[in-house]
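Below is one structure, written out as structure tokens, with a few remarks after it.
Chain identifiers are assigned alphabetically (A, B, ...) following the order of the sequence lines, protein sequences preceding nucleic acid strands; residue numbering begins at 1 within each chain.
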Protein chains: 2
Amino acid sequence: MAAVNPIARNLPVPRTTRQAQAAETRAALLTAARRVFGERGYLNTKITDITAAAGRSTGSFYEHFADKGQLLRALVGEMEAAADAHLAQHDHPADHDLTDRAQLRDHVAIAWTVMREHRPVTGAQFQSMIAADPGSGRAWQDLLDQTSTLREHLDHLREQGHRLPGDPQLIAAAIGAMLGLLGYAAPAQPADDDRIIDSLTDLLLHGLAGPLAGGAAG
Amino acid sequence: MAAVNPIARNLPVPRTTRQAQAAETRAALLTAARRVFGERGYLNTKITDITAAAGRSTGSFYEHFADKGQLLRALVGEMEAAADAHLAQHDHPADHDLTDRAQLRDHVAIAWTVMREHRPVTGAQFQSMIAADPGSGRAWQDLLDQTSTLREHLDHLREQGHRLPGDPQLIAAAIGAMLGLLGYAAPAQPADDDRIIDSLTDLLLHGLAGPLAGGAAG
DNA sequence: GTCTATACCCTGATAGAC
DNA sequence: GTCTATCAGGGTATAGAC
């Protein structure tokens with residue numbers, strides 16, 4: 001199970017490879033953490049679980065990270081970089097119109113896909129957010145931070161005379177809450193993703209009493 | 001800070017009052033737990049925190065509860081009893097029509113109010129759900145359980161020929177996710193509750209592109 | 001930089017007197 | 001039934017050899 005550690009021997013290590021080895025260990029810890037976070041969850045994972053899965057010693061961990069939270073931040077940073085690179089491939093209209101179904105669906109799909117493809121990391125982030133001291137307001141702050149772009153789109157809509165259901169910040173947070181918790185809780189079944197994305201899009205676009213709601217047609 | 005414990009003396013206790021004292025200790029533990037859960041959160045609260053807040057000894061805890069989770073279940077039971085009693089005062093139409101704004105708003109308002117009035121308990125329940133092993137699927141199951149009534153209402157709508165945005169179970173879970181996480185994360189400011197309830201109602205009723213959306217009127 | 005070994009603290013849970 | 005005292009286990013973080 002545990003990967004073989006090439007440094008665990010008492011052999012002399014050429015100086016030039018030492019920092020490469022360090023980077024390798026750091027990467028091994030990150031990869032192992034991603035795996036065990038996915039299996040047992042972030043909160044239930046101990047530092048010794050991570051080092052064991054990476055085939056490194058306990059003490060080695062602290063050479064790279066001060067604690068579990070810092071390692072999580074590094075994983076989140078990696079994920080955001082990957083997501084940004086992925087997004088750069090897509091064309092984005094400069095002025096979003098979230099009342100256009102295709103554009104709204106794109107946003108829902110991107111959020112959903114990122115959550116699912118990086119489930120161990122987003123799940124860990126979610127657990128960390130919920131476990132924070134309630135008095136700290138971190139959950140609310142995180143929710144606002146992660147929906148700030150959405151909020152800007154809603155602000156934009158409102159400036160153009162659109163009548164929204166409520167304050168853009170609140171609506172953005174509500175949508176983020178729906179996607180965030182549903183994405184965390186729903187079982188991972190990629191075959192269902194399209195159906196879920198379509199359903200959420202329609203719910204957010206027209207609600208329960210939308211234009212489709214009245215008819216008896218199937 | 002800690003309440004005075006009348007049994008902490010070595011005085012003889014009349015037999016008839018012993019079970020009353022036990023009930024009192026149990027109640028003191030529940031009340032103290034509710035308070036510390038609200039302050040530090042469920043996950044960060046240790047059993048010794050509860051007993052200290054209740055002015056009882058550590059060992060006394062185990063006479064009443066096997067562990068922290070069982071105590072939480074007791075608190076949830078109390079809350080549900082209170083909520084049921086509260087709901088019994090209101091008239092409920094036998095056949096709900098969630099596409100009627102007043103009825104939808106009632107449901108949103110009830111869910112929101114219960115969450116907020118029992119914040120320490122619902123917050124603890126939420127933390128407990130999120131901290132569970134991801135592989136257990138408990139988060140998803142809890143979400144389904146807590147939205148089963150809503151789902152029935154949506155089933156009812158569909159049977160009457162209403163076209164919903166998606167599978168009733170999924171839509172109910174999505175709405176529950178929105179309310180649940182938002183209710184957990186949003187700062188407690190009762191003055192804002194009505195505004196939030198109205199906004200969420202409108203979002204769920206007509207979405208972002210609802211009938212109000214197009215006009216430039218304020 | 002990594003390892004082994006360990007000190008330390010915290011927490012859950014129990015034993016036995018009253 | 002409650003208390004005091006304590007034990008056992010687990011987890012973080014460090015020390016020092018290599």
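When the P atom of C:dG1 is taken as reference, atom CZ of A:Phe65 falls 13 Å away, rounded to whole Å. Rounded to a whole Å, the CZ atom of A:Phe61 is 18 Å from the C1' atom of C:dT4. Rounded to whole Å, atom P of D:dG1 lies 5 Å from atom CD of B:Glu63. Look at CD on B:Glu24: it is 12 Å from C1' on D:dG1, rounded to the nearest Å.
Between B:Lys68 and B:Leu71 the shortest side-chain heavy-atom distance does not fall below 4.5 Å.
Applying the 4.0 Å criterion to OP1 and OP2 of C:dG1, one finds that A:His64 has every side-chain N and O outside that range.
With salt bridges taken as basic N to acidic carboxylate O contacts below 4.0 Å, one links B:Asp49 and B:Arg40.
Side-chain atoms of B:Gln103 never come within 3.5 Å of backbone atoms of B:Leu98 as a donor-acceptor pair (strictly under, hydrogens ignored). With B:Gln127 contributing its side chain and A:Ile130 its backbone, the two residues share a donor-acceptor pair below 3.5 Å.
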Which parts of nucleotides 12-17 of chain C does protein reach within less than 4.0 Å, heavy atoms only, written one letter per nucleotide 5' to 3' as B for base, S for sugar-phosphate only and - for none? SBB---
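There is a side-chain donor-acceptor pair under 3.5 Å between B:Ser128 and B:Arg138.
Residue pairs satisfying the salt bridge (Lys or Arg N to Asp or Glu O under 4.0 Å) criterion with at least one member in residues 170-179 of chain B, sequence neighbours excluded, are absent.
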